[in-house]
Amino acid sequence: VGSEMCIRDRARGRIHIFDSSWYQGIRSGQAAEDQVNAVEKMLTEDGMVLCKFFLLISEKEQKNRLEKIRENKETAWKVSDRAWKEKDQYKEILQAYDTILHDTDRANAPWIIVESMDRRFAVCKIMKELVDRMEMALLEKSQKVFKEAEEGADPMRNSILQGVDLTKLSLIHISEP
């Protein structure tokens, strides 16, 4: 499902946030690492900046959070029987994810491990990584444009601004008070 949505809705300048279901598909056998890597390669070659975060908490913290959610009547519905079962398989599931992280960690789409024992720290680390990756992508893009300009390529050749007639602005009269 994740790859189909990525491929179908690749509008430039948009941010997409996907949960772990794409990678859980590997764990459940519904997807293979090579499929994931191929889709991620296609997306990044098309200019997408792909940021993958793995939020890691301890087994004890996982249990505490599940209990806290279960105790609150407004959030208790969020804790399924499956969540409790997986809590008891923490080490095995963590090992499975370690394999998935290893097999899907690529230069074009690296994993960023987020120590998530403290939620504020986790949010700050994620935001910093997002800003850093966006800045790096913009820098790489601008360097590419400047290099093309130096080599004689027209950086505006496929630009929406290429056909703009700035002489039309002279038709607008702005009166000063």
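Residue Ile26 holds its CD1 atom at 5.0 Å from CD of Glu33, rounded to the nearest 0.5 Å. Distance check, rounded to the nearest 0.5 Å: CD1 of Ile57 to NZ of Lys63 gives 13.0 Å. Separation of atoms OG1 (Thr104) and CG (Leu101) is listed at 6.0 Å; rounding is to 0.5 Å. How far CG of Leu94 is from CD of Gln62: 9.5 Å, rounded to the nearest 0.5 Å. Atom NZ of residue Lys52 and atom CD of residue Glu129 lie 13.5 Å apart, to the nearest 0.5 angstrom. Taken from CD in Glu71 to CD in Glu67, the straight-line distance is 6.5 Å, to the nearest 0.5 Å.
Judged by distance alone, the side chain of Asp103 and the main-chain N or O of Asn37 form no donor-acceptor pair under 3.5 Å.
We find that Glu61 and Arg65 are joined by a salt bridge, their nearest charged nitrogen and carboxylate oxygen being less than 4.0 Å apart. Ion pair Lys85/Asp81 not flagged as a salt bridge, since none of the NZ, NE, NH1 or NH2 atoms sits closer than 4.0 Å to an Asp/Glu carboxylate oxygen.
At a threshold of 4.5 Å between side-chain heavy atoms, the hydrophobic network of Ile, Leu, Val, Met, Phe, Trp and Tyr places Phe54 and Met117 in two separate groups. Hydrophobic clustering keeps Leu138 apart from Leu43 (ILVMFWY residues linked when any side-chain heavy atoms are closer than 4.5 Å, directly or through intermediates). Hydrophobic cluster membership is shared by Ile100 and Ile93, with clusters built from Ile, Leu, Val, Met, Phe, Trp and Tyr side chains linked at under 4.5 angstrom.
Crowding of Phe121 atom CZ: a count of heavy atoms from other residues, nucleotides or ligands under 6.0 Å exceeding 12. More than 12 non-hydrogen atoms from other residues, nucleotides or ligands lie less than 6.0 angstrom from CD of Glu92.
What you find for Pro110 and Asp105 is that their closest heavy atoms are CA-OD1, 3.1 Å. Shown here for Glu74 and Trp77, the closest heavy-atom pair between the two residues is O-NE1, 3.0 Å. Across all non-hydrogen atoms, the minimal contact from Val79 to Ala83 is CG1-CB, 4.3 Å. Looking at every heavy atom in both residues, Lys91 comes nearest to Glu59 through NZ-OE1, 3.5 Å.
For residues 115-127, the side chain to side chain donor-acceptor pair (under 3.5 Å) pairs, not counting sequence neighbours, are Glu115-Lys125.
Counting only heavy atoms from C-beta outward, the side chains of Val39 and Gln35 never approach each other to under 4.5 Å.
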(request) Might you work through the side chain to side chain contact (heavy atoms under 4.5 Å, CB included) test for Asp98 and His102, ending with a clear yes or no? (result) CA-CA 6 Å; Asp98 188 52; His102 178 271; 5.7 Å; no

(request) Report the C-alpha distance between Trp111 and Tyr97 in whole Å, list the side-chain angles of each, state the deciding distance to 0.1 Å, and finish with yes or no for ring-ring contact (aromatic ring centres under 6.0 Å, His included). (result) CA-CA 12 Å; Trp111 279 101; Tyr97 274 114; 8.6 Å; no

(message) The test is side chain to side chain contact (heavy atoms under 4.5 Å, CB included); show your working for Leu139 and Gln143 and say whether it passes.
(response) CA-CA 6 Å; Leu139 179 63; Gln143 288 173 342; 3.8 Å; yes

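Applying the 4.5 Å side-chain rule to ILVMFWY residues, one finds Phe53, Leu55, Ile112, Val114, Val123, Ile126, Leu130 in the same cluster as Met127.
Under the rule for a salt bridge (charged side-chain N to carboxylate O under 4.0 Å, His left out), the partners of Glu86 that lie at least two apart in sequence or sit in another chain are Arg27, Arg82.
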